[in-house]
Amino acid sequence: MHIVTTVADFRGALDGLRAQGRTVGLVPTMGALHDGHVSLMEASAADGCATAATVFVNPLQFAPTEDLSAYPRPFEADAAAAEAAGVQVLFHPSVEEMYPGEVLTTVHVGTITADLEGASRPTHFDGVATVVAKLFSMAGPCRAYFGEKDWQQLQVVTRMAADLSMPVEVVGCPIVRDHDGLALSSRNVYLSPDQREAAPVIQTALKAGLASIRAGERDRQVVEALIADVIEAEPLAALDYAVVRRADTLEVVDPLAGDLRLLAVARFGTTRLLDNVGVHLDPT
Ligand code: AMP
């Protein structure tokens, strides 16, 4: 595995792979790698791609009040995990390398970013879209693997690549969970033992919502209230939102129909955890 820290070396390494006839599989991450990240690298390899991963904690997507400086950065362990997952090129740039001067150009994806994570974190998606656009521009033609764990982010990146005619095929990959259903996240390390024990309630709540839809419930607000009630019954959880939306555009659908996503976010102390599940309703 080659570890590169400059844009020129990253570009050169991926051009070299393409010159050998390989398709590049790009896996952008902020590091603190866990099995969720590894699953994206494995998906790239399973598709026959030469895998390039990036580890960069992007300051542009953190608000001043958020955990930028505290965000875990175990780079040696990350490099070992990436190598074990078959990554061929690991890009680990400094902030100065990614943002050498004042950033005057940012990418804003409309409507999809307006609420949910966009409402809780108003500058977040411009930061995500901008850094991913930069990584796509540096990487060149590729397949790019993103997790469904950050469902709204996956829709934002997919839409950005399409709207801007980027030579990138965005591939969504299923959520990897711990044995008790908690979605793996680099932020899970912040949880106290009690909070960790309580955290799977988000998944339990989403499953209850899913079961009610499968049993025939089509009233969006009834399903959303059901998910919220399960989370609010857990004393250590503070509900942020529980919604059912159209899966790709995240629009409100009433009554429930088509491709849907149930999304919930709750705080455990200062740690904010996201989860979601999907369901498809055939027209009746
Ligand atoms: P992050 O390092 O948190 O920015 O995540 C990097 C990529 O890994 C994103 O595409 C995430 O959606 C994805 N990811 C994070 N956690 C998981 C998980 N538990 N299962 C699948 N993908 C994940």
Side-chain angles (χ1 to χ4, degrees), residues 25-47 49 51-63 66-68 70-75 77-79 81-82 85 87 90-93 98 112 116-117 121 124-136 139 142-161 168-191 196 199-200 202-203 206 247 250 261 263-265 271-278:
L26 181 71
V27 180
T29 82
M30 297 204 300
L33 300 182
H34 51 62
D35 285 350
H37 299 110
V38 168
S39 76
L40 306 181
M41 298 166 188
E42 289 174 347
S44 162
D47 287 346
C49 297
T51 306
T54 70
V55 170
F56 179 63
V57 182
N58 174 35
L60 227 55
Q61 71 191 68
F62 287 76
E66 292 177 353
D67 57 343
L68 174 63
Y71 200 85
R73 290 168 172 83
F75 184 68
D78 286 348
V87 169
L90 183 62
F91 182 40
H92 181 50
M98 285 297 280
I112 308 178
L116 309 180
E117 290 308 281
R121 308 175 71 189
H124 175 66
F125 282 123
D126 285 6
V128 169
T130 302
V131 78
V132 173
K134 283 168 71 75
L135 291 170
F136 285 1
C142 63
R143 289 163 66 88
Y145 294 82
F146 287 84
E148 291 183 352
K149 212 265 287 168
D150 301 281
W151 182 263
Q152 194 176 5
Q153 168 176 281
L154 173 61
Q155 306 317 311
V156 168
V157 169
T158 302
R159 189 59 188 253
M160 174 190 75
V168 178
E169 185 187 339
V170 176
V171 182
C173 300
I175 300 175
V176 177
R177 301 179 177 282
D178 220 333
H179 60 92
D180 56 3
L182 177 64
L184 296 186
S185 164
S186 304
R187 291 189 165 100
N188 290 352
V189 297
Y190 299 146
L191 299 170
R196 172 63 191 80
I202 310 180
Q203 169 66 357
L206 289 168
L250 296 163
R261 209 78 195 175
L263 304 111
V265 175
T271 307
R272 220 171 147 266
L273 299 181
L274 294 68
D275 202 350
N276 64 85
V277 297

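Counting convention: from 1, in listed order, for ligands and their atoms alike.
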Go through ligand 1 atom by atom and flag the ones less than 4.0 Å from a non-hydrogen atom of [X].
X	result
Asp150	11 (C), 12 (O)
Gly147	9 (C), 10 (O), 11 (C), 12 (O), 13 (C), 22 (N)
Ile175	20 (N), 21 (C)

Nitrogen or oxygen of [X] less than 3.5 angstrom from that of ligand 1:
X	result
Met30	yes
Leu184	yes
Val176	yes
His37	yes

Aromatic ring pairing Phe75/His92, orientation class (parallel under 30°, perpendicular over 60°, tilted between):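 Phe75 and His92: parallel rings.
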Side-chain contact test, heavy atoms from C-beta onward, threshold under 4.5 Å: evaluate it for [X] versus [Y] and give yes or no.
X	Y	answer
Leu263	Leu274	no
Val265	Glu117	yes
Gln152	Asn276	no

Answer with side chain, backbone, both or neither: which part of [X] has a heavy atom less than 4.0 angstrom from an atom of ligand 1?
X	result
Leu40	side chain
Pro28	backbone
His34	side chain
Pro174	backbone

Can you see which heavy atom on Asp78 is nearest to which on Gly31, and at what distance?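 Closest approach of Asp78 to Gly31: OD2-CA, 3.3 Å.
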Assess whether salt bridge (Lys or Arg N to Asp or Glu O under 4.0 Å) is satisfied between Arg272 and Asp67, documenting all intermediate values. CA-CA 11 Å; Arg272 220 171 147 266; Asp67 57 343; over 6 Å; no
Checking His124 now: which residues fulfil ring-ring contact (aromatic ring centres under 6.0 Å, His included) with it, not counting sequence neighbours?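 Not a single residue meets the ring-ring contact (aromatic ring centres under 6.0 Å, His included) criterion with His124.
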Run the salt bridge (charged side-chain N to carboxylate O under 4.0 Å, His left out) test against Arg73 and tell me which residues pass, sequence neighbours left out.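 For Arg73 there are no salt bridge (charged side-chain N to carboxylate O under 4.0 Å, His left out) partners, ignoring immediate neighbours.
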